[in-house]
Q: 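Have a look at this one.
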Number of protein chains: 2
Amino acid sequence: MITIKDIAKAANVSPATVSRVLNNGPKVGANKRAHVQKIIDDLGYRPNLTARALVKQSSGSIGVVIPEIFDPFMAKFAHEIESYATQHDVQTFISSGHNDVEKEAMAINKLLDNNVRSIILHSKVMSDEDIIHFSKIVPNLVLINRNIEVIKEKCFWVDNYAASFAITEHLINAGHTKFVYLNSNYDIEDPKERFEGFKGALKAHNIHLDFNIVEYAEPFHEGGSDAIQRIIKKDLTFTAIVAYNDQMALGAINYLHEIGINTPKAVSVVGFDDVIYASNSIPKLSTMHYPITEMAIAATTTAISEFIDSDIEKADIPHCFTPEIIDRDSVKTLTLAK
Amino acid sequence: MITIKDIAKAANVSPATVSRVLNNGPKVGANKRAHVQKIIDDLGYRPNLTARALVKQSSGSIGVVIPEIFDPFMAKFAHEIESYATQHDVQTFISSGHNDVEKEAMAINKLLDNNVRSIILHSKVMSDEDIIHFSKIVPNLVLINRNIEVIKEKCFWVDNYAASFAITEHLINAGHTKFVYLNSNYDIEDPKERFEGFKGALKAHNIHLDFNIVEYAEPFHEGGSDAIQRIIKKDLTFTAIVAYNDQMALGAINYLHEIGINTPKAVSVVGFDDVIYASNSIPKLSTMHYPITEMAIAATTTAISEFIDSDIEKADIPHCFTPEIIDRDSVKTLTLAK
DNA sequence: CTGAAAGCGCTTACAG
DNA sequence: CTGAAAGCGCTTACAG
């Protein structure tokens, strides 16, 4: 391994000077700087980041803790964060928290042991108190999909209410009044907020809400399938399904297809998230586009802005994001008899 | 930050002794060991991994370089590697190489700068020479989905020929003789090997192969859709489609659906990989199950076996894997008139 | 069984 | 503008 001393020797300067040119430090003569730089290049020297991290008491890396890398929604987040961080020459550690408080805490601690400069956390299971606790320990804790008042400037979240309101209204504008709502059975904020948005839209249009029309299940393909199956058994009349997310929507569509009910001819369906499947399904799903890229950039910028050269004004970074309607093929406009 | 010196002072021993109990080192009296351990626990001391890595000239982390975290197939690989590594208390760095030789090399170098102990690489764009070059620089370079003779013991790959042969034969056994092959247009080994397997199966059953029936496209949903569209224009007769992978298969199924051709009634379709979509589509896709979990475990074991306590015999780790047929709903058995 | 000392490869006051 | 020196938090021969 070639070290800073080797360069110093070869260049006939002190290690301190080499270090200064490496870090674009001040007070190095132009000539000497060029000379040293040439030797660095010639010998292909690469600084040992571990040593640097030790003296600086901090590495040039950030950590990311998400529930599962495997989940396509999360994978996209991780991908966008990593890609943006890499552009700015910062290394990213990605860890899974598996939706378990203990495991998330463990992941954070491991990251801390590795002296990351910042952690971007996506947690739906930690309490506000847990997170506030960690925000005091972690050098720079940034949160995605979470809004905690006291650390608001480190939070990036989506306006679930407005988004759910909008997609429901989209259906109402298409003439639908008989709804089914397929909700997630996870005990977190998002399902509640989205359901509130749904209720809000119905109310705004004077549509009565019968709680019989909502079913809860795991927010995945199977869950959507199960939930709609339970609805069907109730023998209700409906023309539109609002699902908690795309996966549930797609699960419902598939179940309906199996029993001979066509989407969108017989029933319209909308999802939420706009995951990759949404545009590859039959029919292509109308849904709310989750601004993952924008959120990832905002969060990563906040995570790294303190240790990179950046001309981004913090004040310009948005914290609350509103998804947009992507209207594809799963919604039919009703022509009313009345 | 609480350091080893703080513990030493509190326990009235030398830092060396603390270090020894931390590392389960030899030659520490049981009493003293217990005493020191208690102080460590009480104070909640966590060793600084950066410092340790510096003196050991190597961290307890491994690096993973994959084309894209975002790709569900790759995300699964990354997930399985990370999860297995975490079980053994080793931290994982995940980087994207973006299918670009320069970027992959960059990712590897960055990982090296961070003193990872091993790198698991999934590269389809580097030449054998490039990889052999890196295998000399990287402490322990492990390859997935690649088989390079001279570093065979570090390689883990799939028998594409056998797998493709098997799934094609599955179709032949169901009575199909008129095929279409939708291939990837990537200039890498896999498409060639799988196509050879397809040809091999036809030959074994004396079925004539007209090269007119193969079309090339990007190995994604759109590509499958494009490719089958080109086939349709040729006005060929066929009852079965063998696709390079699930995404192309699904793209083809969707396009056929749009023009009113039903799978599997009118045409049977098989994929390859068994990605998550394959079991959530309409119809559920018959495909070859890629043993990602098993391969990830084998690769990770090889990557970390040298620095963890492990009773796994290296000789017991398989290197070549054969996918299995998963028969779902996209293949129809033909009852022949003849 | 235990401790004092050297050293891993850097950075950064400090002094000049 | 430049260098000698100290130190980041550990581990590990070496000596006893």
Side-chain angles (χ1 to χ4, degrees), chain A residues 1-37 39-40 43-61 91 109-117 139 307, chain B residues 1-37 39-40 43-61 91 109-117 139 307:
Chain A
M1 163 175 260
I2 145 164
T3 74
I4 203 171
K5 281 184 192 167
D6 300 323
I7 303 295
K9 206 169 292 174
N12 246 310
V13 296
S14 71
T17 299
V18 179
S19 175
R20 287 187 190 104
V21 349
L22 245 20
N23 296 284
N24 280 314
K27 302 183 274 176
V28 183
N31 277 345
K32 191 155 276 187
R33 159 163 278 138
H35 175 229
V36 172
Q37 187 61 55
I39 307 236
I40 289 173
L43 272 59
Y45 165 74
R46 299 179 65 90
N48 180 322
L49 264 29
T50 301
R52 181 178 287 172
L54 181 60
V55 19
K56 288 215 165 193
Q57 295 283 58
S58 170
S59 71
S61 326
Q91 190 79 9
N109 280 326
K110 290 275 177 202
L111 256 10
L112 252 22
D113 292 346
N114 281 284
N115 294 309
V116 295
R117 279 196 100 139
F307 60 100
Chain B
M1 163 174 261
I2 146 166
T3 74
I4 204 171
K5 281 184 191 166
D6 300 324
I7 303 295
K9 205 167 293 173
N12 247 308
V13 296
S14 73
T17 298
V18 179
S19 176
R20 288 190 189 102
V21 350
L22 245 19
N23 296 285
N24 281 313
K27 303 183 276 179
V28 183
N31 277 346
K32 192 156 274 184
R33 161 163 276 137
H35 175 228
V36 172
Q37 186 62 55
I39 308 234
I40 289 173
L43 272 59
Y45 165 73
R46 300 180 64 91
N48 181 323
L49 264 31
T50 301
R52 182 177 286 172
L54 180 59
V55 20
K56 289 216 165 192
Q57 295 283 57
S58 171
S59 71
S61 326
Q91 190 80 9
N109 280 325
K110 290 274 175 201
L111 256 10
L112 252 22
D113 293 345
N114 281 284
N115 295 308
V116 295
R117 277 197 102 138
F307 60 100

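Side chains included, hydrogens not; waters and symmetry mates left out as well; all remaining heavy atoms used. Residue numbers begin at 1 in each chain, while the letters A, B, ... track the order of the sequences.
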Q: If we only count heavy atoms from C-beta on, is the B:Arg117 to B:Pro139 side-chain gap below 4.5 Å?
A: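 They are not in contact (no side-chain heavy atoms under 4.5 Å apart), so the answer is no.
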Q: Heavy-atom distance under 4.5 Å between the side chains of B:Gln91 and A:Leu111, does that happen here?
A: yes
Q: For B:Leu49 and D:dC10, what is the distance between atoms CG and P respectively, to the nearest whole Å?
A: 10 Å
Q: Quickly work out the B:Asn48 CG to C:dC8 C1' distance and round it to whole Å.
A: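 Atom CG in B:Asn48 sits about 13 Å away from atom C1' in C:dC8.
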Q: Do B:Asn48 and B:Thr3 make a side-chain contact, defined as non-hydrogen atoms from C-beta onward lying under 4.5 Å apart?
A: no
Q: Roughly, in whole Å, what's the span from CD1 in A:Ile2 to P in C:dC10?
A: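 A:Ile2 atom CD1 is separated from C:dC10 atom P by 9 Å.
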Q: Anything under 3.5 Å between a protein N or O and an N or O of nucleotides 11-14 of chain C, put it in a table, one pair a line.
A:
from	atom 1	to	atom 2	distance (Å)
C:dT11	OP1	A:Asn23	OD1	3.3
C:dT11	OP1	A:Asn23	ND2	3.0
C:dT11	OP1	A:Arg52	NE	2.7
C:dT11	OP1	A:Arg52	NH2	3.2
C:dT11	OP2	A:Ser19	OG	2.5
C:dT11	OP2	A:Asn23	ND2	3.4
C:dT11	O5'	A:Ser19	OG	3.4
C:dA13	N6	A:Arg20	NH2	3.0

Q: Can you tell if the side chain of B:Val18 reaches within under 4.5 Å of the side chain of B:Val13, non-hydrogen atoms only?
A: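 Yes, at least one pair of side-chain atoms sits under 4.5 Å.
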Q: Please report the closest heavy-atom contact between A:Leu54 and B:Thr50, naming both atoms and the distance.
A: N-CG2, 3.5 Å
Q: Let's test your reading of the pairing rules: Watson-Crick or G-U wobble, both distances under 3.5 Å, then write DNA chain C as a dot-bracket string with ( ), [ ], | and dots.
A: |||.||||||||.|||
Q: Would you call B:Ser19 and B:Ile4 a side-chain contact if the rule is heavy atoms closer than 4.5 Å?
A: yes
Q: Measure the distance from CG on B:Asn12 to P on C:dC1 and round it to the nearest whole Å.
A: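 Distance check: B:Asn12 CG to C:dC1 P gives 20 Å.
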Q: Looking only at atom C1', what distance separates D:dG16 and D:dT12, rounded to whole Å?
A: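 About 16 Å, rounded to a whole number of Å.
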Q: In whole Å, what is the span from the CG atom of B:Leu112 to the P atom of C:dG9?
A: 15 Å
Q: Could you pick out which residue, A:Met1 or B:Gly29, lies toward the 5' side of DNA chain C when each is mapped onto its nearest nucleotide?
A: B:Gly29
Q: Between atom CG in B:Asn114 and atom P in C:dC10, what is the gap in whole Å?
A: 13 Å
Q: Would you say C:dT2 has OP1 or OP2 under 4.0 Å from some side-chain N or O of B:Lys32?
A: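 The answer is yes; a side-chain N or O of B:Lys32 sits under 4.0 Å from OP1 or OP2.
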Q: Distance between the P atoms of D:dC14 and D:dC10, in whole angstroms?
A: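 My reading of the P atoms in D:dC14 and D:dC10 gives 24 Å.
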Q: Would you call A:Arg52 and A:Asn23 a side-chain contact if the rule is heavy atoms closer than 4.5 Å?
A: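 With C-beta onward as the side chain, the pair touches.
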Q: Just N and O in the side chain of A:Ser14: are any of them under 4.0 Å from OP1 or OP2 of D:dG3?
A: yes
Q: Starting at atom NZ of B:Lys9, determine the distance to atom P of C:dA4, rounded to an integer number of angstrom.
A: 13 Å
Q: Without swapping roles, check the side chain of B:Ser59 against the backbone of B:Asn115 for a donor-acceptor pair under 3.5 Å.
A: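 Checking the backbone N and O of B:Asn115 against the side chain of B:Ser59, a donor-acceptor pair under 3.5 Å is found.
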Q: For C:dG9, take OP1 and OP2 only and decide whether either is under 4.0 Å from a side-chain N or O of A:Tyr45.
A: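 Answer no for this pair, as no side-chain N or O of A:Tyr45 is under 4.0 Å from OP1 or OP2.
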Q: Could you give the CZ-to-C1' distance, from B:Arg46 to D:dC10, as a whole number of Å?
A: 16 Å
Q: What distance separates A:Ile2 CD1 from A:Ile40 CD1, expressed to the nearest 0.5 Å?
A: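 If I round to the nearest 0.5 Å, the distance is 9.0 Å.
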